[in-house]
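In what follows, a single structure is set out as structure tokens and then discussed.
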Amino acid sequence: MSIDHLQQLDKIVSLSKSRGFIFQSSEIYGGLGAVYDYGPLGAELKRNIRDAWWREMTQKHENIVGVDAAIFMHPKVWEASGHVEGFNDPMIDDKQSKKRYRADMLIEQHIEKLRKDGKEKEAEQVKELLDTSGTRVGLCEDLHKIIMDYEIKAPESGAFDWTDVRQFNLMFKTQFGAVASAEDADAVYLRPETAQGIFVNYKNVMDTARQQIPFGIAQVGKAFRNEVVARQFVFRMREFEQMEMQYFVKPGADEEQYNEWLNKRMEWHKGIGIREKYLRAEPHPPDKLAHYARAAADIQYLFPIGWQEVEGIHNRTDFDLSQHQEYSGKKLEYFDQSTRDRYVPYVVETSVGLDRTILMVLCDAYREEEVEGETRTVLKMHPELAPITAGIFPLVKKPELQELSRKIEKDLREDYRVLYDEAGSIGKRYRRLDEAGTPFCITVDFDGLEDNTVTIRYRDDMKQERISADKVGEVIRSASKSWKPESK
RNA sequence: GCGGGCGUAGCUCAAUUGGUAGAGCGUCACCCUUCCAAGGUGAAUGUUGUCGGUUCGAGUCCGAUCGCCCGCUCCA
């Protein structure tokens, strides 16, 4: 059976481990949940994708500049951004049905029910208690007491058999300063998103980079989320890498820019070789928008686990800058010299998960093909993303062939990541590099010694061409540039 | 975090009622080899996820723990 589009993630998990793309973190100690390490091939693939994004988003735009903000930030940043509040969900479980609910949502629903039943007075009472929860014993305890006192039952099972209310803080907290103290005063968070590193530097960049609105700030970096359920390989990890660009625009220009960036970003995904039919843009319904967003859309890929978000495009309005202006007391307004307008810019965000992009590239590239009764496993990824660009082989282990092979290897090494291999049969060496996604193999044979030629073998269709040994680099360059996923 | 399933070599998997842990592939070395996982010879690799219990004896039974998968939930 040949495979053109993956149905199971297992294949990628196995291949990732056996070829050295991705390993589980701390594996020799039994692994650490939802944390993964990149191996030799994975590290190269990751770098290539990161570089492609950075080139696209900064180098190709005169009005987008980069920053590299620290992971640690002032604790107030997360108060201003809404994360301290929004990242704490009080949850409660129904022991009968094993369903989990948000405690505050349960109470809200109960209030609505009371109103519907005409018990306006009691509804007001509960609403008052809900609004003041957290002021008596603690948030969890107060919410639990309301549920108990008003005998709020589980919506689905109708049971009244609750666990305690527990809070899930999705931000990682750590101690700042060498002397550990139990006090929260020293607590800092590992950033749950990189975006805030851009917003807090907005003024600095404005003051130094000689940019005028509209302009963008790009950043690639780690973010950390203590996910309740972190699963599905590198799709949802506790430590992950984001590639973000925040585009600052004049209020009113936000909708147009939002649409434009959604299109541009979709084109990028196609440009790195992802097949168009497995990509789609999925707008968020207005009632599902994040607290900061006016409009949002996912760019999704059809993973073996279904359609899933790889990138999010958000119209963040002036929410973040206004919040930071309020919390920091620093003016973050923009003054337009020509129109003499003064305003807090609106922000259009493009935020793509680097690890998710890697997974997408691996999934989209994965093929199993029938070749003369044997299965060929091959990663047909864009040549410019491939961890190893070319393999160089002497057809057999003979000194003359080895000599020319080594010379070609040395030349190519200046510009490309290459691998010299003389072990095993030639077919085996081709197939090994197929699994690594290497698009080109150069083989030196005896005929070639006569006229200084070699054969280049293409990964995607296994076709071979005889070319001049002096033109190998050139052929690789043009074949990389002209590569299209349709030709896979 | 809850419910269910699973955990044996780098990968995929065997191992009778509880009775000496194996195979295929891969890896490495050498030989052979003039273009698609060829062949030959040899080699390395496991506290059976971890800890504890039951037993004369545990990969197998029991408990705990860690991790993975599916569902619930969550996804700012």
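First the proteins, then the strands, lettered A, B, ... as listed; each starts at 1.
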Could a donor-acceptor pair under 3.5 angstrom be found where the side chain of [X] meets the base of [N]?
X	N	answer
A/Arg431	B/rC36	yes
A/Glu374	B/rA38	no
A/Arg236	B/rC75	yes

Length of the [atom1]-[atom2] vector between [X] and [N], whole Å:
X	N	atom1	atom2	value
A/Phe235	B/rC75	CZ	C1'	9 Å
A/Glu368	B/rA37	CD	P	16 Å
A/Glu311	B/rC75	CD	C1'	17 Å
A/Asp460	B/rC36	CG	P	19 Å
A/Leu395	B/rA38	CG	P	14 Å
A/Ile12	B/rC68	CD1	C1'	17 Å
A/Arg238	B/rC75	CZ	P	16 Å
A/Leu401	B/rC32	CG	P	15 Å

Does a salt bridge link A/Glu374 with A/Arg431, judged by any charged N lying under 4.0 Å from a carboxylate O?
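Looking at A/Arg431 together with A/Glu374, the answer is no, because their closest N to O distance does not fall below 4.0 Å.
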
Answer yes when A/Asp445 and A/Arg466 have at least one side-chain N-carboxylate O distance shorter than 4.0 Å, and no when they do not.
yes

[atom1] gap between [N] and [M], integer Å:
N	M	atom1	result
B/rG4	B/rG46	C1'	29 Å
B/rC32	B/rG39	C1'	8 Å
B/rC13	B/rU54	C1'	29 Å
B/rU17	B/rG10	P	28 Å
B/rC35	B/rU27	C1'	23 Å
B/rA43	B/rU47	C1'	23 Å
B/rA37	B/rG1	C1'	46 Å
B/rU73	B/rU16	P	40 Å

Determine: side-chain N/O of [X] to OP1/OP2 of [N], distance under 4.0 Å, yes or no.
X	N	answer
A/Arg432	B/rU27	yes
A/Gln24	B/rC68	yes
A/Ser425	B/rU33	no

Quick check for you: among [options], whose closest atom lies nearest to any side-chain atom of [X]?
X	options	answer
A/Arg225	B/rU34, B/rC75, B/rC36	B/rC75
A/Lys428	B/rA38, B/rC35, B/rC75	B/rA38
A/Lys397	B/rU34, B/rA38, B/rU33	B/rU33

Closest-nucleotide ordering on RNA chain B, the 5'-leading residue of A/Glu193 and A/Ile305
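Looking at the nearest nucleotide for each, A/Ile305 comes out on the 5' side.
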
Walking RNA chain B from its 5' end, the first of A/Phe233 and A/Ile426 to be reached, judged by nearest nucleotide, is A/Ile426

Could you please name the partner base of [N], counting Watson-Crick and G-U wobble pairs only when both distances are under 3.5 Å?
N	value
B/rG42	B/rC28
B/rU33	none
B/rG59	none
B/rU12	B/rA23
B/rU54	none

Answer with base, sugar-phosphate or nothing: what part of the nucleic acid does [X] contact at a heavy-atom distance below 4.0 Å?
X	result
A/Phe393	nothing
A/Glu435	base
A/Arg457	base

Between A/Gln300 and A/Glu309, is there a donor-acceptor pair closer than 3.5 Å when you use the side chain of the first and the backbone of the second?
no

Would A/Tyr301 and A/Asp364 count as a side-chain hydrogen bond (donor to acceptor under 3.5 Å, both in side chains) here? Give the steps.
CA-CA 9 Å; A/Tyr301 176 74; A/Asp364 200 58; 2.7 Å; yes

Taking the six-membered ring for Trp, are the ring centroids of [X] and [Y] within less than 6.0 Å of each other?
X	Y	result
A/Tyr346	A/Phe248	no
A/Phe393	A/Tyr430	yes
A/Phe233	A/Tyr36	yes

Lys NZ or Arg CZ of A/Arg265 over A/Trp268 ring: under 6.0 Å, within 45°:
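Yes; both conditions hold, so A/Arg265 lies above the ring face of A/Trp268.
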
Option among A/Lys428, A/Lys380, A/Arg376 that satisfies the salt bridge (charged side-chain N to carboxylate O under 4.0 Å, His left out) test with A/Asp434:
A/Arg376

Among A/Asp4, A/Asp460, A/Asp461, exactly one meets salt bridge (charged side-chain N to carboxylate O under 4.0 Å, His left out) together with A/Arg367. Which residue is that?
A/Asp4

Quick one: which protein N/O atoms are closer than 3.5 Å to N/O atoms of nucleotides 10-13 of chain B? Pair and distance per line, please.
| unit_1 | atom_1 | unit_2 | atom_2 | d |
| --- | --- | --- | --- | --- |
| B/rG10 | O3' | A/Lys17 | NZ | 3.3 |
| B/rC11 | OP1 | A/Lys17 | NZ | 2.4 |
| B/rU12 | OP1 | A/Ser14 | OG | 2.9 |

